[in-house]
Amino acid sequence: MKITLIAGARPNFMKIAPIIRAIENAQQSGKDIKYRLVHTGQHYDDKLSKIFFEQLAIPTPNVNLGAGSGTQAEQTARIMIEFEKDLAANPTDLVIVVGDVTSTMACTIVAKKMSTRVAHVEGGIRSFDMEMPEEINRIVTDSLADYFFTTSEVANKNLLKSGVGEHQIFFVGNTMIDTLLKQLPKAQRPALWPEWNIVSKEYLVLTLHRPSNVDDPEKFAEWMKVIDGVGLPVIFPVHPRTRKNFSTLKRQPANIIACDPLSYLEFVYLIKESKAVITDSGGVQEETTVLGVPCLTLRNNTERPETVTTGTNEMVGDNFEALHAALTKVKSGNWKQGAIPQLWDGRTAERIVANLLNLPFAKPK
Ligand code: UDP
């Protein structure tokens with residue numbers, strides 16, 4: 001069985017690393033399974049791409065499509081044009097896409113138009129917020145894909161409701177958590193730690209990159225003001241999308257310490273040791289749940305509701321007062337404990353590959 005695995009942006013790399021490892025393990029035990037890794041080049045900054053290949057021991061991609069940055073349409077178009085050529089030159093039995101980035105959607109459309117099967121890892125999750133580019137990527141991808149590897153029962157229900165058949169859905173857990181659990185013992189104290197002058201459990205971590213939080217300078221400035229008022233150091237690895245509006249803030253925050261995006265092993269250490277995390281990231285909501293660290297999500301909705309119902313996540317919404325109240329609660333130490341969602345056990349990729357090998361077209365004739 002020949003597989004083409006797609007990755008394009010930072011949150012994809014944590015999701016493909018364990019799948020590659022599981023495929024290689026299956027090969028070693030004599031299974032007929034091969035893969036080709038395609039990097040679309042959606043993220044090309046070393047700090048958002050190269051470092052993850054090194055730290056997560058992901059092999060060098062067979063090809064980099066060099067999509068680069070641009071508007072949603074420009075990126076989608078470039079990825080589609082280049083992937084169409086690549087897939088024509090390298091036919092495959094199955095294209096695997098992960099997550100909800102532009103590459104996920106663009107490569108799914110190309111593959112299906114070239115009559116190639118698609119499996120979506122992390123299929124079925126929905127924020128029901130059409131203002132999020134990722135929600136559009138999810139809906140398009142899931143309306144075309146043939147197989148769905150899901151992280152939650154809620155995702156299964158969303159897919160069934162949209163007409164997907166039960167035989168197409170495999171509830172396997174979360175590959176991002178496979179990576180977290182494997183890499184946790186190797187987590188690295190950030191090189192900048194001494195300079196930050198912080199103490200474990202007495203600082204917060206902040207990540208923000210969703211257009212709804214960072215693109216409007218006034219709203220972004222208001223978030224910064226409330227967070228700065230917390231009275232604890234806040235480490236803020238600034239996503240490239242957020243850089244401009246952070247550097248042009250009229251009032252420079254006193255407690256917020258900005259830095260470049262961190263490597264995975266440093267970031268995991270930083271959140272593990274923190275008092276709480278403030279974020280609008282999808283993956284970080286999941287990682288904090290597994291680490292048992294309070295998570296305050298600056299969004300009105302989440303496509304990962306199990307992090308709220310089971311885990312340590314709380315939705316703050318678009319509400320500055322609510323953030324202030326949540327920060328007071330964090331400081332008082334009065335946050336829910338949380339538990340780990342079903343099947344987020346570090347063995348998801350193994351289950352994915354076992355299911356792949358069982359698909360009808362994968363069986364020896
Ligand atoms: N992350 C990282 N360094 C950072 C910030 C985040 O390695 O400075 C990791 C984080 O641990 C998680 C992933 O990046 O695994 C989340 O990516 P992002 O927030 O860009 O995407 P989303 O999950 O929102 O799609």
Side-chain angles (χ1 to χ4, degrees), residues 7-18 42-56 58 69 97-105 121-122 125-127 129 132-138 141 151 174-184 186-193 196 204-214 234-243 246 257-274 277-291 293 295 297-299 301-304 307 313 344:
R10 176 169 72 183
N12 287 169
F13 307 134
M14 299 78 183
K15 295 171 195 173
I16 60 158
Q42 187 186 333
H43 277 171
Y44 47 86
D45 189 323
D46 283 357
K47 291 196 164 88
L48 294 184
S49 178
K50 188 163 166 254
I51 185 77
F52 297 96
F53 280 75
E54 290 165 9
Q55 292 193 339
L56 306 180
I58 305 172
S69 55
V97 294
V98 301
D100 55 19
V101 301
T102 304
S103 305
T104 313
M105 174 188 73
V121 172
E122 204 186 271
I125 64 174
R126 294 286 183 276
S127 65
D129 177 356
M132 282 181 87
E134 294 85 354
E135 183 69 358
I136 297 168
N137 297 339
R138 293 179 198 119
T141 303
T151 50
N174 194 325
T175 56
M176 193 163 230
I177 301 308
D178 285 13
T179 292
L180 178 65
L181 296 178
K182 182 169 165 70
Q183 301 298 335
L184 204 49
K186 295 188 223 154
Q188 289 169 3
R189 194 153 140 149
L192 289 167
W193 181 281
W196 291 333
L204 307 181
V205 179
L206 171 66
T207 82
L208 284 182
H209 65 85
R210 300 250 108 80
S212 60
N213 281 323
V214 304
V234 182
I235 308 299
F236 184 21
V238 184
H239 192 279
R241 178 177 191 106
T242 315
R243 217 172 270 152
F246 186 75
I257 306 168
C259 63
D260 281 342
L262 293 174
S263 73
Y264 182 74
L265 294 178
E266 290 183 306
F267 187 73
V268 165
Y269 185 98
L270 189 69
I271 57 176
K272 176 173 73 77
E273 293 300 319
S274 71
V277 176
I278 307 168
T279 194
D280 59 9
S281 158
V284 174
Q285 293 174 59
E286 299 178 335
E287 290 163 342
T288 45
T289 270
V290 171
L291 294 171
V293 171
C295 181
T297 298
L298 303 191
R299 287 175 44 191
N301 45 59
T302 179
E303 59 291 328
R304 293 158 162 94
T307 61
N313 190 15
W344 292 18

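When a ligand or atom number is given, it counts from 1 through the structure's own listing order.
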K.L.:
Please classify the Glu266 to ligand 1 contact at 4.0 Å (heavy-atom distances, strictly less than): side chain, backbone, both or neither.
P.N.:
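Looking at Glu266 and ligand 1, no heavy atom falls under 4.0 Å.
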
K.L.:
Under the ring-ring contact (aromatic ring centres under 6.0 Å, His included) criterion, do Phe246 and Phe236 qualify, and how do the steps go?
P.N.:
CA-CA 10 Å; Phe246 186 75; Phe236 184 21; 5.4 Å; yes

K.L.:
Using heavy atoms and a threshold below 4.0 Å, how should the contact between Met176 and ligand 1 be classified: side chain, backbone, both, or neither?
P.N.:
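The side chain, only.
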
K.L.:
What protein heavy atom sits nearest atom 23 (O) of ligand 1, and how far away is it?
P.N.:
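For this ligand atom, the closest protein heavy atom is Gly283 N, 2.7 Å.
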
K.L.:
Can Glu273 and Arg189 be counted as an ion pair, charged N to O under 4.0 angstrom?
P.N.:
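Looking at Arg189 together with Glu273, the answer is no, because their closest N to O distance does not fall below 4.0 Å.
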
K.L.:
Starting from atom 3 (N) of ligand 1, which protein heavy atom do you reach first, and at what distance in Å?
P.N.:
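Going atom by atom, the protein heavy atom closest to atom 3 (N) of ligand 1 ends up being Leu262 O, 2.8 Å.
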
K.L.:
To check you understand the geometry: which heavy-atom pair defines the closest contact between Pro261 and Lys47, and what is its length?
P.N.:
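Nearest pair, atom of Pro261 first, then Lys47: O-CD, 3.8 Å.
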
K.L.:
Between Thr141 and Asn137, is there a donor-acceptor pair closer than 3.5 Å when you use the side chain of the first and the backbone of the second?
P.N.:
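Side chain of Thr141 to backbone of Asn137, a donor-acceptor pair under 3.5 Å: yes, one is there.
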
K.L.:
Heavy-atom contacts with Met14 under 4.0 Å: which atoms of ligand 1 show up? List them by number with element.
P.N.:
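Ligand 1 atoms under the 4.0 Å threshold to Met14: 9 (C), 13 (C), 14 (O), 15 (O).
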
K.L.:
Which residue owns the protein heavy atom closest to atom 1 (N) of ligand 1, what's the atom, and how far is it?
P.N.:
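Looking only at protein heavy atoms, the one closest to atom 1 (N) of ligand 1 is Phe267 CD2, 3.6 Å.
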
K.L.:
Contact between ligand 1 and Glu286 is defined here as a heavy atom of the residue under 4.0 Å from a ligand atom; is it met?
P.N.:
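Glu286 does not count as a contact of ligand 1 under the 4.0 Å cut-off.
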
K.L.:
Measure the OG1-CD distance between Thr279 and Glu287 for me, rounded to the nearest 0.5 Å.
P.N.:
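Reported value, rounded in 0.5 Å steps: 9.5 Å.
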
K.L.:
Decide whether an N or O pair under 3.5 Å exists between Arg210 and ligand 1.
P.N.:
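The answer is yes, given that Arg210 and ligand 1 share an N or O pair closer than 3.5 Å.
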
K.L.:
Check for a donor-acceptor pair, side chain of Asp100 on one end and backbone N or O of Glu135 on the other, with a separation under 3.5 Å.
P.N.:
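Answer holds: no.
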
K.L.:
For residues Gln188 and Ser263, is any side-chain donor paired with an opposing acceptor at under 3.5 Å?
P.N.:
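Absent: no donor and acceptor within the cut-off.
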
K.L.:
Which ligand 1 atoms does His209 reach within 4.0 Å, using its non-hydrogen atoms?
P.N.:
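The list of qualifying atoms is 18 (P), 19 (O), 20 (O), 21 (O), 24 (O).
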
K.L.:
Could you check whether any side-chain N or O of Thr289 sits under 3.5 Å from a backbone N or O of Glu286, counting only pairs where one atom can act as donor and the other as acceptor?
P.N.:
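Checking the backbone N and O of Glu286 against the side chain of Thr289, no donor-acceptor pair under 3.5 Å is found.
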
K.L.:
Which atoms of ligand 1 are found less than 4.0 Å from any heavy atom of Phe52?
P.N.:
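Listed by number with element: 7 (O).
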
K.L.:
Check ligand 1 against Pro261 and write out every atom of the ligand that is under 4.0 Å from a heavy-atom position of the residue.
P.N.:
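It comes down to these atoms of ligand 1: 8 (O).
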
K.L.:
Ignoring hydrogens and angles, tell me if any N or O in the side chain of Thr104 forms a donor-acceptor pair with the backbone of Val98 under 3.5 Å.
P.N.:
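Confirmed, Thr104 side chain pairs with Val98 backbone.
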
K.L.:
In the protein, which heavy atom is nearest to atom 25 (O) of ligand 1, and how far is it?
P.N.:
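Result for atom 25 (O) of ligand 1: Pro11 CG, 3.5 Å.
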
K.L.:
Give the atoms of ligand 1, by number and element, whose distance to some non-hydrogen atom of Gly282 is under 4.0 Å.
P.N.:
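By the 4.0 Å cutoff, the relevant atoms are 22 (P), 23 (O), 24 (O).
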
K.L.:
Considering only non-hydrogen protein atoms, determine which one is nearest to atom 5 (C) of ligand 1 and report residue, atom name and distance to 0.1 Å.
P.N.:
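Looking only at protein heavy atoms, the one closest to atom 5 (C) of ligand 1 is Arg10 NH1, 3.3 Å.
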
K.L.:
May I ask you to decide if Leu298's main-chain N or O and Asn213's side chain share a donor-acceptor pair within less than 3.5 Å?
P.N.:
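Such a contact is found between Asn213 side chain and Leu298 backbone.
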
K.L.:
Which residue supplies the protein heavy atom nearest to atom 15 (O) of ligand 1, what is that atom called, and how far is it?
P.N.:
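Its nearest protein heavy-atom neighbour is Glu287 OE2, 2.6 Å.
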
K.L.:
What is the closest protein heavy atom to atom 19 (O) of ligand 1, and at what distance does it sit?
P.N.:
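Of every protein heavy atom, Ser281 OG, 2.7 Å lies nearest to atom 19 (O) of ligand 1.
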
